[in-house]
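None of the values given here were measured: they were computed from a predicted structure.
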Amino acid sequence: MTDRVVTRFAPSPTGFLHIGGARTALFNWLYAKHTGGTMLLRIEDTDRERSTDAATAAILDGLTWMGLDWDGEPISQFARAARHREVAEAMLARGMAYRCYATQAELEEMREKARAEKRPPRYDGRWRDRDPSEAPEGVAPVIRLRAPLEGETVVHDLVQGEVRFPNKDLDDLVLLRSDGTPTYMHAVVVDDHDMGVTHIIRGDDHLTNAGRQTLIYQAMGWEVPVMAHIPLIHGSDGAKLSKRHGALGVEAYREMGYLPVALRNYLVRLGWSHGDDEIMSTADLIQWFDITDVNKGAARFDYAKLEAVNGHWIRASDDADLVAMLMVERDHLPNGAILKARPDAEVREKLTAAMPGLKERAKTLVELCESAAYLFAARPLALDEKAAALLDDAGRAVIRDLAAAFETLSDWTVEHLEGAVRSYAEEQGLKLGKAAQPLRAALTGKSTSPGVFDVLAVLGRDESLARLRDQAA
Ligand code: GLU
């Protein structure tokens, strides 16, 4: 039997969960689900200056909203500092690490020398073989890895292939600082080992770290997890992702009205594909996702595609689910106040009645909310410019006639309403649009809306007639 897969997502809590991090989390989550394994969450909060509780909370919220759950409690890296020290001491005892007493001035000198000789800065190993009895007084040592000087370190990466690092380029990195705190490089290895992580899936900006971390595993005689370094996300123009391109926190995507299911569907395609499939349910993704199918090349972020995918998932969602979602998301949407203009029960009822028409045309929840605004608008309706133009003298005459015709209807149904408008247009020798457009303007205050007969039916007899009378005068 093969071991169960354990992946982990290991964000640094220095800001929101950004879109690249969300995709890394998604890949880890999918791979764990695909293999029947687990995904752990580790908060890399060792950098005390930059880590904040607010950022941790925002990351957990972002993951939860994305529907990416983790197994067990989130693990704080900082809380494990004693264990990091213990492992560094164990390495000392095994002779795989040593105490280094080089002063800041000496290290600066080494850097200067390297700069002058135009080579990468490298610690020169001066304490590697020196007897600790020579230690200068009053200098607190750091603990450094006794890295191999020759040969090479090979990372067998599921995405990048075999990546080779000549050992002469990997110097004796610091494991423990002089104040006893672990370096990031050391903490990550100890944690991944202790947490039983079998697969490390992360951005390829960590690829060189993988070489150094491999040396730490080897020094402890630990098995190196399988590595998969996924390509970074670039902007649509191929440049590194910036704010302008969409390098925002997931909460920004929430505010723009994207559905978690759509974001998952879109993000997974940045680096991974399944034939030509663009629309994939989360169940499909779990079934099909394999980390070995991730491409090496940078993926490009494209808002238009994200919108199209989102529009699809809005149309594919159940009406009741969309209503429930809007009631929650209204607190996050810039125009969410529209859904607070009436008592909740009324808002829910109207949204439910109107949803089949509304969802057909909305690409985001913001648009959905906007197009639902007519349901809750106060009379007399404020008209936008195009609607006002449609309600010129001729338009108002149509409204008067139609209002009179509707008053006589026995049944306020889409069929009867449509029948009445069609006969009226025929009698008057008007194209249907010439009657329907002013009608839409008077009912919604806009020139576009869901089907106008649906609008009439959803608004109901009293409200519709009142809105028509408001504009007929
Ligand atoms: N904390 C690192 C980051 O946020 C990730 C480290 C890792 O995945 O090994 O970039």
Side-chain angles (χ1 to χ4, degrees), residues 10 12 14 44-51 77 81 84-85 87-89 91-92 94-132 134-155 157 160 162-192 200 202-220 224 227 229 231-232 240:
S12 305
T14 54
E44 303 215 311
D45 50 358
T46 30
D47 182 343
R48 301 314 283 168
E49 301 265 292
R50 297 177 62 225
S51 302
Q77 185 161 67
H84 301 142
R85 266 198 296 282
V87 174
E89 300 283 345
M91 279 165 125
L92 274 182
R94 292 167 136 247
M96 302 308 289
Y98 61 91
R99 290 196 174 85
C100 165
Y101 294 85
T103 60
Q104 283 308 322
E106 287 178 76
L107 293 172
E108 186 46 43
E109 207 181 291
M110 278 178 234
R111 274 193 290 270
E112 280 295 320
K113 194 156 170 259
R115 251 196 303 270
E117 291 169 14
K118 295 203 168 26
R119 50 177 181 79
R122 227 175 145 275
Y123 171 70
D124 64 7
R126 64 182 60 182
W127 280 94
R128 212 177 142 98
D129 299 310
R130 216 152 137 188
D131 198 281
E134 293 175 40
E137 222 155 289
V139 179
V142 300
I143 296 180
R144 286 184 185 271
L145 177 73
R146 191 186 300 281
L149 301 173
E150 278 152 24
E152 55 183 13
T153 297
V154 184
V155 173
D157 194 278
Q160 309 288 333
E162 218 166 72
V163 187
R164 296 169 176 274
F165 299 93
N167 287 335
K168 65 175 175 42
D169 295 343
L170 306 173
D171 58 0
D172 289 350
L173 61 97
V174 175
L175 302 170
L176 218 58
R177 299 189 191 89
S178 56
D179 63 1
T181 59
T183 56
Y184 161 74
M185 208 69 77
H186 178 61
V188 167
V189 172
V190 176
D191 291 349
D192 281 336
I200 294 178
R202 61 186 173 193
D204 67 12
D205 49 336
H206 287 285
L207 188 57
T208 36
N209 290 344
R212 294 169 170 277
Q213 290 168 357
T214 298
L215 292 177
I216 302 178
Y217 282 100
Q218 287 168 350
M220 280 306 287
V224 184
M227 307 254 186
H229 287 87
L232 298 185
K240 198 167 172 288

Please state whether the rings of His206 and Tyr184 are parallel, tilted or perpendicular, taking 30° and 60° as the class boundaries. tilted

With side chains defined as the heavy atoms from C-beta onward, is the minimum distance between Val155 and Val224 less than 4.5 Å? no

Donor-acceptor contact present, side-chain Arg146 to main-chain Tyr98, <3.5 Å: no

Step through the shown structure and confirm whether more than 12 heavy atoms of other residues, nucleotides or ligands are within 6.0 Å of CD on Gln104. no

Would Asp171 and Arg212 pass as an ion pair if we require N to O under 4.0 Å? yes

Within the structure provided, determine whether Thr46 and Thr181 are in side-chain contact (heavy-atom separation under 4.5 Å). no

Rounded to the nearest 0.5 Å, how far does CE of Met220 lie from CG of Leu215? 14.0 Å

Short side-chain to backbone donor-acceptor contact, Arg128 and Arg144, under 3.5 Å: no

For Met91 versus Ala219, what's the shortest heavy-atom pair and its separation? CE-CB, 3.7 Å

Run the side chain to side chain donor-acceptor pair (under 3.5 Å) test against Glu152 and tell me which residues pass, sequence neighbours left out. Arg164

Check: His84 main-chain N/O paired with His186 side-chain donor or acceptor under 3.5 Å: yes

Starting at NE2 of His229, measure out to CG of Asp205 and round the result to the nearest 0.5 Å. 8.5 Å

Considering all heavy atoms of both residues, which atom of Ala140 and which atom of Ser178 are nearest to each other, and what is their separation? O-CB, 3.3 Å

CG-CG distance between Asp157 and Asp204, expressed to the nearest 0.5 angstrom: 9.0 Å

Shortest non-hydrogen contact from Ala97 to Ile143? CB-CG2, 3.8 Å

Could you report the tightest heavy-atom contact between Ala210 and Met227, atom names first, then the distance? CB-SD, 4.0 Å

Would you name the heavy atoms of Gly211 and Thr153 that are closest together and state the gap between them? O-CG2, 3.7 Å

Can a donor-acceptor pair be found, under 3.5 Å and without considering hydrogens, that links the side chain of Asn167 to the backbone of Leu149? no

Under 4.5 Å between any side-chain heavy atoms of Met185 and Leu145, yes or no? no

Using a 6.0 Å cut-off, check whether atom CZ of Arg115 has over 12 heavy atoms from anything other than its own residue. yes

Spatial distance of atom CD (Gln77) from atom OG (Ser51) [nearest 0.5 Å]: 9.0 Å

May I have the step-by-step check of side-chain contact (heavy atoms from CB on, under 4.5 Å) for Ile216 and Leu173, ending in yes or no? CA-CA 9 Å; Ile216 302 178; Leu173 61 97; 4.0 Å; yes

Could you check whether Arg119 pairs with Asp169 (Lys NZ or Arg NE/NH1/NH2 to Asp/Glu carboxylate O, under 4.0 Å)? no

When you measure from the side chain of Arg122 to the backbone of Ala114, do you find a donor-acceptor pair of N or O atoms at a distance under 3.5 Å? no

Which heavy atom of Asp172 sits nearest to which heavy atom of Ala147, and what is that distance? OD1-N, 3.0 Å

With the side chain counted from C-beta on, respond yes when Arg202 and Val188 share a heavy-atom pair under 4.5 Å apart, and no when they do not. yes

Walk me through whether Arg126 and Met110 qualify under side-chain contact (heavy atoms from CB on, under 4.5 Å). CA-CA 11 Å; Arg126 64 182 60 182; Met110 278 178 234; 3.3 Å; yes

Glu150 atom CD, neighbour heavy-atom count above 12 within 6.0 Å: no

4.5 Å side-chain heavy-atom contact, Val174 and Tyr123: no

